[in-house]
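Keep in mind that what you see is a predicted model, and the values were worked out from it rather than measured. Naming: A, B, ... by sequence-line order, numbering from 1 per chain.
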There are 2 protein chains.
Amino acid sequence: MKIGELAQQSGLTPSRIRFYERIGLLKTVERRPNGYRTYPQQAVMILGLITTAQRAGFTLDEIRTLLPSDLTHWDHAALMDALTRKIADIEALQVRLTQSRAHLLRLIEDIQERPDDMDCAANAHRVLTNMLSDHPEALDVTSGDIRLLDTKDRRQSVSPDRRKKTASR
Amino acid sequence: MKIGELAQQSGLTPSRIRFYERIGLLKTVERRPNGYRTYPQQAVMILGLITTAQRAGFTLDEIRTLLPSDLTHWDHAALMDALTRKIADIEALQVRLTQSRAHLLRLIEDIQERPDDMDCAANAHRVLTNMLSDHPEALDVTSGDIRLLDTKDRRQSVSPDRRKKTASR
DNA sequence: CTTGACCTTGAAGTTAGCTTCAAGGTTAGG
DNA sequence: CCTAACCTTGAAGCTAACTTCAAGGTCAAG
């Protein structure tokens with residue numbers, strides 16, 4: 001099977017498949033005399049596996065370390081471990097989302113609850129003050145590193161702009 | 001207040017504050033004769049507001065369009081609309097996470113449920129087949145664009161690698 | 001009058017996961 | 001023989017939200 005056909009059958013683009021090969025997620029495949037890649041039927045399954053894992057929140061890096069070159073020889077322990085940790089990540093994210101949602105709902109209520117005798121400017125100030133004093137860290141779940149989330153750990157190492165919450169509290 | 005002090009009080013880095021100014025999220029501030037930026041006390045609140053909004057899942061772009069130059073003059077309708085939509089986004093993501101979690105749990109169970117008379121290779125194949133036939137689109141929530149999620153709409157326009165699910169199903 | 005902690009700027013780097021481009025070789029059909 | 005639809009490669013571009021770098025100005029203390 002040439003790359004175009006594999007693309008059709010897997011639902012991915014050829015560029016994506018070549019990309020996966022480049023980063024070592026797919027092992028280098030056989031070539032025809034003319035240089036064209038030739039894939040075995042199994043490749044469809046591997047690609048399906050990869051996209052499924054991605055949807056479950058695994059990064060390509062994680063998938064690469066878990067995927068054995070031989071699909072029948074998995075590292076059972078590592079796999080179970082990864083699955084378990086990913087579930088924990090998802091749960092942490094769920095907690096965070098629940099809090100965010102609640103926070104937004106409270107905010108909406110708070111905005112609508114303007115006392116009759118208060119003008120918009122004062123109300124804006126009231127709401128803002130409420131909001132900023134609201135989450136005394138509550139939302140700071142600083143969750144695990146699940147890639148469904150944009151949690152790129154923005155902490156710093158040792159660098160020019162080295163302060164960030166130096167003092168206070 | 002100079003930028004360093006604002007950084008301390010807000011918990012952000014100076015580079016980040018300057019960056020926010022560059023992209024038009026913060027309006028250009030006053031300068032001292034020597035070129036240093038000078039911030040009013042209010043700036044702390046604005047930055048707090050921005051980071052809070054970010055944690056709730058708003059992108060800087062969204063925040064920019066919602067933030068009025070005068071903190072006491074909000075576009076009430078647009079704000080409510082955005083908040084409501086963000087809540088919907090969060091809920092969509094929660095649905096997706098619940099499905100992912102369930103999927104992973106089922107997978108773990110499935111792996112452990114190996115029939116006594118089956119070897120690991122065959123079990124691997126069984127599990128894989130199960131998994132790939134499992135989600136007949138169920139996980140394809142293709143949720144809203146909440147930035148907590150890595151949902152960069154990978155659909156294509158008109159391009160070289162123009163096929164992606166041309167036929168099938 | 002030197003040191004070091006600030007401040008300034010514009011440009012380039014980072015991460016993840018791809019896509020797009022440029023410049024070409026191959027092949028099947030008419 | 002030509003054309004269109006494939007295939008190849010390496011390099012560069014994209015997005016978001018920053019950070020880092022280089023090269024330099026400012027200022028208070030000792």
Side-chain angles (χ1 to χ4, degrees), chain A residues 1-8 12-26 28-39 47 50-51 53-55 57-64 145-164 166, chain B residues 1-8 12-26 28-39 47 50-51 53-55 57-64 145-164 166:
Chain A
M1 173 175 11
K2 286 188 289 183
I3 199 171
E5 199 188 333
L6 176 59
Q8 290 247 336
L12 280 75
T13 57
S15 68
R16 195 165 160 188
I17 297 171
R18 281 190 286 254
F19 170 70
Y20 284 169
E21 184 181 329
R22 245 201 339 272
I23 63 170
L25 185 52
L26 264 40
T28 51
V29 293
E30 278 180 72
R31 301 298 187 112
R32 298 200 188 154
N34 59 13
Y36 289 14
R37 291 173 178 80
T38 307
Y39 295 92
L47 289 180
I50 290 174
T51 54
Q54 266 190 297
R55 272 191 300 214
F58 287 89
T59 65
L60 296 184
D61 248 28
E62 290 172 318
I63 298 173
R64 179 175 39 211
D145 74 331
I146 187 165
R147 237 205 69 272
L148 286 165
L149 174 65
D150 219 289
T151 305
K152 284 183 211 149
D153 205 12
R154 281 117 172 52
R155 267 164 304 213
Q156 309 182 272
S157 37
V158 192
S159 67
D161 270 344
R162 56 204 135 357
R163 60 194 137 3
K164 191 175 187 181
T166 305
Chain B
M1 171 173 18
K2 288 188 288 182
I3 199 170
E5 199 188 333
L6 176 59
Q8 290 247 338
L12 280 71
T13 57
S15 68
R16 194 165 161 188
I17 298 172
R18 281 190 286 255
F19 170 70
Y20 284 169
E21 184 182 327
R22 242 196 350 267
I23 63 170
L25 185 51
L26 264 38
T28 52
V29 293
E30 278 179 72
R31 301 298 188 111
R32 296 198 191 160
N34 60 13
Y36 288 14
R37 291 173 178 79
T38 307
Y39 295 91
L47 289 179
I50 290 174
T51 55
Q54 267 189 296
R55 272 190 301 214
F58 288 89
T59 64
L60 296 185
D61 248 28
E62 291 172 318
I63 298 173
R64 180 175 39 211
D145 74 331
I146 189 166
R147 235 203 72 270
L148 286 167
L149 174 65
D150 220 288
T151 306
K152 282 184 213 150
D153 204 13
R154 282 114 173 54
R155 267 164 306 211
Q156 310 183 272
S157 37
V158 191
S159 68
D161 271 343
R162 55 204 137 358
R163 57 193 138 7
K164 189 176 188 180
T166 305

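A pairwise comparison of heavy atoms in A:Tyr36 and A:Lys2 identifies CD2-CD, 3.7 Å as the closest pair. Shown here for B:Val29 and B:Thr38, the closest heavy-atom pair between the two residues is CB-O, 3.8 Å. Closest heavy-atom contact between B:Thr13 and B:Ala7: C-CB, 4.2 Å.
Rounded to whole Å, the distance from CZ on A:Phe19 to P on D:dG10 is 15 Å. Remark: C1' of D:dT15 and CG of B:Leu60 are 12 Å apart, rounded to the nearest angstrom. The distance from atom CG of A:Leu6 to atom C1' of D:dT8 is 16 Å, rounded to the nearest whole Å. For the pair B:Arg16 CZ and C:dC7 C1', the interatomic distance rounds to 20 Å; values are reported in whole Å. The interatomic distance linking B:Phe58 (CZ) with D:dA16 (P) rounds to 16 Å, in whole Å. Atom CG in B:Leu12 sits roughly 11 Å away from atom C1' in D:dC18 (whole-Å rounding). Across the protein-nucleic acid pair, B:Glu21 atom CD and C:dT9 atom C1' stand 12 Å apart, rounded to whole Å. The distance between atom CD1 of A:Ile50 and atom P of C:dC18, rounded to the nearest whole Å, is 10 Å.
For the atom pair CZ of A:Arg64 and CD1 of A:Ile50, the computed distance is 10.5 Å after rounding to the nearest 0.5 Å. How far OG1 of A:Thr51 is from CD of A:Gln54: 7.0 Å, rounded to the nearest 0.5 Å.
A rotation axis mapping the C1' atoms of four pairs onto the next four is fitted at both ends of the helix from C:dC1-D:dG30 to C:dG30-D:dC1 over five pairs, and the angle between these axes is 30° to 10 degrees.
The side chain of A:Arg18 sits closest to D:dT9 out of D:dT9, D:dC18, C:dT19. Nearest to the side chain of A:Ser15, among D:dA17, C:dT20, D:dT19, sits C:dT20.
Phosphate contact (OP1/OP2 of D:dG25, side-chain N/O of B:Arg31, threshold under 4.0 Å): absent. Remark: A:Thr13 is in phosphate contact with C:dT19, judged by side-chain N or O atoms under 4.0 Å from OP1 or OP2. Residue A:Gln8 has no polar side-chain atom (N or O) positioned under 4.0 Å from OP1 or OP2 of D:dC6. Between D:dC7 and A:Arg37, no contact under 4.0 Å exists linking OP1 or OP2 to a side-chain N or O. One finds no side-chain N or O of A:Arg22 lying less than 4.0 angstrom from the OP1 or OP2 phosphate oxygen of C:dT19. Using a 4.0 Å cut-off, some side-chain N or O of B:Tyr20 falls inside it from OP1 or OP2 of D:dC18.
The shortest side-chain heavy-atom distance between B:Phe19 and B:Leu60 falls under the 4.5 Å cut-off. Counting heavy atoms from C-beta outward, B:Leu47 and B:Leu26 have side chains that approach closer than 4.5 Å.
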Give me, pair by pair, the N or O atoms of the protein and of nucleotides 25-27 of chain C that are less than 3.5 Å apart, along with how far apart they are.
residue, atom, partner, partner atom, Å
C:dG25, N2, A:Tyr36, OH, 2.8
C:dT26, O4', A:Tyr36, OH, 3.3
C:dT27, OP1, A:Asn34, ND2, 2.7

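With sequence neighbours excluded, the residues satisfying side-chain contact (heavy atoms from CB on, under 4.5 Å) with B:Arg31 are B:Glu21, B:Arg37.
Among the atoms of the strands shown, only primed sugar atoms or phosphate atoms (P, OP1, OP2) are found under 4.0 Å from some heavy atom of A:Ile3.
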